[in-house]
Amino acid sequence: MSALPLSGIKILDLTRVLAGPLSAQMLADLGAEVIKIERPGGGDDARAFGPPYLADPEGKANNNNSFYLCANRNKKSVTVNIAKPEGQAIIRELAKSVDVMMENYKVGDLKRYGLDYETIKQLNPGIIYCSVTGFGQTGPYATRAGYDAILQAMGGLMSVTGHIDGEPGAGPMKVGPSIVDYMTGMNTSIGILSALYHRDANNGEGQHVDVCLFDTVIASLSHWLQIYLVNGNMPPRRGTWGNGGMPAGVFRCTDGELMLVVGNDGQFQRTCAVLGEPELANDKRFVKNNDRVVHGKEIMAIFAGLFLKQPVAYWLEKLEEAGVPSGPINNFEQVFSDPHVQSRGMRVKVDHPFEPNLSLIRNALTFSGTPITDYRAPPLLGADTKDVLATIGYDEAKVEGLKAQGIL
């Protein structure tokens with residue numbers, strides 16, 4: 001078996017909370033050595049975003065919660081107080097030998113500490129220095145703090161998410177998970193990998209990569225936003241309705257709901273046959289997809305009445321036989337009970353000091369030649385401080401002395 005794709009790449013990770021840590025975790029899964037820098041005592045801000053927390057075998061309060069656990073596997077945790085000159089010196093020393101330095105501090109904060117790109121570049125000209133922020137390194141909002149929900153609102157996502165206008169409960173709606181953080185994490189990884197490729201192809205030239213949540217959420221709106229750019233019209237909220245093929249949405253059955261997406265005219269004809277109303281496919285209002293979009297409320301109402309005649313399992317079986325995309329509305333327990341999810345190994349087990357069989361979500365990438373098989377538990381706060389600092393000449397006595405001063 002070949003080495004993992006990023007074996008030999010070393011990353012100094014000063015990111016906190018979710019977007020940056022998710023990116024660093026993706027890169028760590030791919031084989032990079034990731035040294036996570038955390039505040040002595042409190043650690044990554046995410047460690048306080050609980051409960052739930054893992055149960056300490058000794059019954060003590062701890063900072064290993066679900067928010068932290070989801071984004072920090074396969075890393076080393078080193079505690080350094082970067083507000084102190086001695087801590088800043090440690091970061092600069094570590095930065096000399098890494099390929100990538102990641103940070104998500106407010107614009108300008110790290111310059112005060114001599115940890116900004118221009119300073120680090122003098123020590124390591126080939127370094128890829130990646131800044132992850134709410135609003136980017138430039139522009140009138142650059143110094144603002146930004147969290148996922150704020151960017152969902154400001155970037156336009158909430159304006160097209162929620163119940164159909166006019167229905168009960170209509171209005172702006174946040175997407176449940178921190179989806180902008182996750183997408184920003186993916187963009188961060190793409191930016192870092194691209195810069196690493198550029199460096200290796202251009203005589204070791206490093207650069208500063210600027211990734212932000214605001215840019216990410218706007219870019220993610222894709223064809224929704226393109227509608228506005230084409231004709232100046234604001235796309236309406238569609239609730240669970242689809243974004244292309246019609247009819248598409250959640251339909252109630254006798255014992256629950258299913259999601260249906262009729263992607264083309266052939267699928268529409270087959271769906272009508274499954275529902276026992278084949279003549280609907282010849283109705284001039286519904287013959288072509290564009291017709292069904294125009295008459296969306298009518299066809300959705302007709303389908304809603306038809307689906308109420310049978311249970312979910314009946315319809316899913318018939319639709320699958322007809323080659324029409326559909327699926328159940330699963331909760332998390334049902335997701336991990338799904339035989340396909342189990343066959344894909346989406347739940348992985350790691351040995352955590354508090355939980356020897358801790359479940360995590362696997363990396364979504366699958367490689368034929370360099371499979372990701374090694375998942376190490378998210379580290380306890382400062383677990384690797386001594387070992388990592390030994391690589392830059394800090395012996396045990398010096399480490400203990402710095403701990404006593406609150407530097408480590």
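Positions are given from 1, in the same order as the sequence printed here. Because the structure is predicted, anything quoted here is derived from the model rather than measured. Excluded from the calculations below are hydrogen atoms, water molecules and symmetry mates; all remaining heavy atoms, backbone and side chain alike, are included.
The closest donor-acceptor contact from the side chain of Arg92 to the backbone of Thr119 lies at 3.5 Å or more, if one exists at all. Remark: the backbone N or O of Arg73 is paired with a side-chain donor or acceptor of Gln25 at under 3.5 angstrom. Without hydrogens or angle criteria, Asn64 side chain to Leu54 main chain gives no donor-acceptor distance under 3.5 Å. In this structure a side-chain-to-backbone donor-acceptor pair under 3.5 Å is present from Asp99 to Lys10. When atom types are taken as modelled, the side chain of Asn65 and the backbone of Arg47 share a donor-acceptor pair closer than 3.5 angstrom. In this structure, Glu38 contributes its side chain and Val78 its backbone to no donor-acceptor pair below 3.5 Å. Remark: the backbone N or O of Tyr105 is paired with a side-chain donor or acceptor of Glu103 at under 3.5 angstrom. At least one donor-acceptor pair under 3.5 Å links the side chain of Tyr375 to the backbone N or O of Asn363. Checking side-chain atoms of Thr370 against main-chain N and O of Ala3 turns up no donor-acceptor pair under 3.5 Å. A donor-acceptor pair is defined here as one N or O able to donate and one able to accept, closer than 3.5 Å; such a pair exists between the side chain of Asp291 and the backbone of Lys288.
Nearest heavy atom pair, residue Leu94 against residue Val98, reads O-CG1, 3.3 Å. Taking every heavy atom of both residues into account, Asp44 and Pro21 meet most closely at OD2-CG, 4.0 Å. What you find for Leu358 and His352 is that their closest heavy atoms are CD2-CB, 3.9 Å. Nearest heavy-atom pair, Met154 versus Arg144, reported as atom, atom and distance to 0.1 Å: CE-NH1, 3.8 Å. Nearest heavy atom pair, residue Val211 against residue Cys130, reads CG2-SG, 4.1 Å. Here the shortest heavy-atom pairing between Trp224 and Pro236 reads CZ3-O, 3.4 Å.
More than 12 heavy atoms of other residues, nucleotides or ligands shown are found within 6.0 angstrom of NZ on Lys174. Counting heavy atoms of neighbouring residues, nucleotides and ligands inside a 6.0 Å radius, atom OH of Tyr182 does not exceed 12 of them. Atom CD of Gln405 sits in a crowded spot, with more than 12 heavy atoms from other residues, nucleotides or ligands closer than 6.0 Å. More than 12 heavy atoms of other residues, nucleotides or ligands shown are found within 6.0 angstrom of OH on Tyr113. Around atom CD of Glu333, no more than 12 heavy atoms belonging to other residues, nucleotides or ligands sit under 6.0 Å away. Enclosure of atom CG in Asn331 by more than 12 non-hydrogen atoms of other residues, nucleotides or ligands within 6.0 angstrom is indicated. Within 6.0 Å of the OH atom in Tyr228, the count of heavy atoms belonging to other residues, nucleotides or ligands does not exceed 12.
Pro40 has its side chain out of reach of Lys403: every pair of non-hydrogen atoms, C-beta onward, lies at least 4.5 Å apart. Looking only at side-chain heavy atoms (C-beta outward), Met246 and Asn289 come within less than 4.5 Å of each other. Side chains of Ser194 and Val209 form no contact here, defined as non-hydrogen atoms less than 4.5 Å apart. The side-chain heavy atoms of Phe303 and Leu280, taken from C-beta on, include a pair separated by under 4.5 Å. Using a 4.5 Å heavy-atom cutoff, the side chains of Met173 and Arg237 are not in contact. A 4.5 Å side-chain heavy-atom check between Leu258 and Pro328 finds every atom pair outside the cut-off. Annotation: side chain of Arg252 is not in contact with side chain of Val250 (no heavy-atom distance under 4.5 Å). Considering only heavy atoms from C-beta on, Thr366 comes within 4.5 Å of Arg344 through its side chain.
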*side chain to side chain contact (heavy atoms under 4.5 Å, CB included) between Met102 and Ile192: does it pass, once the steps are laid out?*
CA-CA 9 Å; Met102 303 172 62; Ile192 288 171; 3.8 Å; yes
*List the steps, then state whether salt bridge (charged side-chain N to carboxylate O under 4.0 Å, His left out) holds for Glu86 with Lys84.*
CA-CA 5 Å; Glu86 298 90 340; Lys84 301 287 187 180; over 6 Å; no
_Evaluation steps, side chain to side chain contact (heavy atoms under 4.5 Å, CB included), between Phe135 and Val107_ = CA-CA 9 Å; Phe135 295 93; Val107 174; over 6 Å; no
*Could you walk me through whether Arg39 and Asp45 pass the salt bridge (charged side-chain N to carboxylate O under 4.0 Å, His left out) check?*
CA-CA 9 Å; Arg39 286 181 294 111; Asp45 294 350; 3.1 Å; yes
*Apply the test side chain to side chain donor-acceptor pair (under 3.5 Å) to residues Gln334 and Asp338: give CA-CA distance (whole Å), side-chain angles for both, the deciding distance (0.1 Å), then the verdict.*
CA-CA 6 Å; Gln334 291 167 323; Asp338 188 298; over 6 Å; no
_Verdict with reasoning, Glu205 to Arg199, per salt bridge (charged side-chain N to carboxylate O under 4.0 Å, His left out)_ = CA-CA 5 Å; Glu205 180 181 77; Arg199 181 197 67 176; over 6 Å; no
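Atom CG in Leu365 sits 9.0 Å away from atom OG in Ser189 (nearest 0.5 Å). Taking CG of Leu221 as the start and OG1 of Thr216 as the end, the distance is 11.0 Å to the nearest 0.5 Å. Atoms CG and NZ, from Asn74 and Lys36 in turn, are 13.0 Å apart once rounded to the nearest 0.5 Å. Taking CD1 from Ile361 and SG from Cys70, the interatomic distance works out to 7.0 Å, rounded to the nearest 0.5 Å. The distance from atom CD1 of Ile164 to atom CE of Met300, rounded to the nearest 0.5 Å, is 7.0 Å. Here the CG-CD1 distance, from Leu402 to Ile90, works out to 5.5 Å after rounding to the nearest 0.5 Å.
Looking at Lys349 and Ser359, their side chains do bring a donor and an acceptor atom within 3.5 Å of each other.
Using the six-membered ring where Trp is involved, Phe307 and Trp315 have ring planes that are perpendicular, over 60° apart on the 30 and 60° scheme. Aromatic ring pairs are classed by plane angle as parallel below 30°, tilted from 30° to 60° and perpendicular above 60°; the pair Phe67 and Phe49 is perpendicular.
Among the candidates Ile128, Val34, Leu12, the single residue satisfying the side-chain contact (heavy atoms from CB on, under 4.5 Å) test with Val100 is Ile128. Each of Ile218, Asn187, Leu151 was compared with Leu213 under the side-chain contact (heavy atoms from CB on, under 4.5 Å) criterion, and only Leu151 meets it.
The cationic group of Arg16 does not satisfy the cation-pi geometry with Tyr68, failing either the under 6.0 Å distance to the six-membered ring centre or the 45° limit from the ring axis.
Electrostatic pairing of Arg292 and Asp265 counts as a salt bridge here, judged by a charged N lying under 4.0 Å from a carboxylate O.
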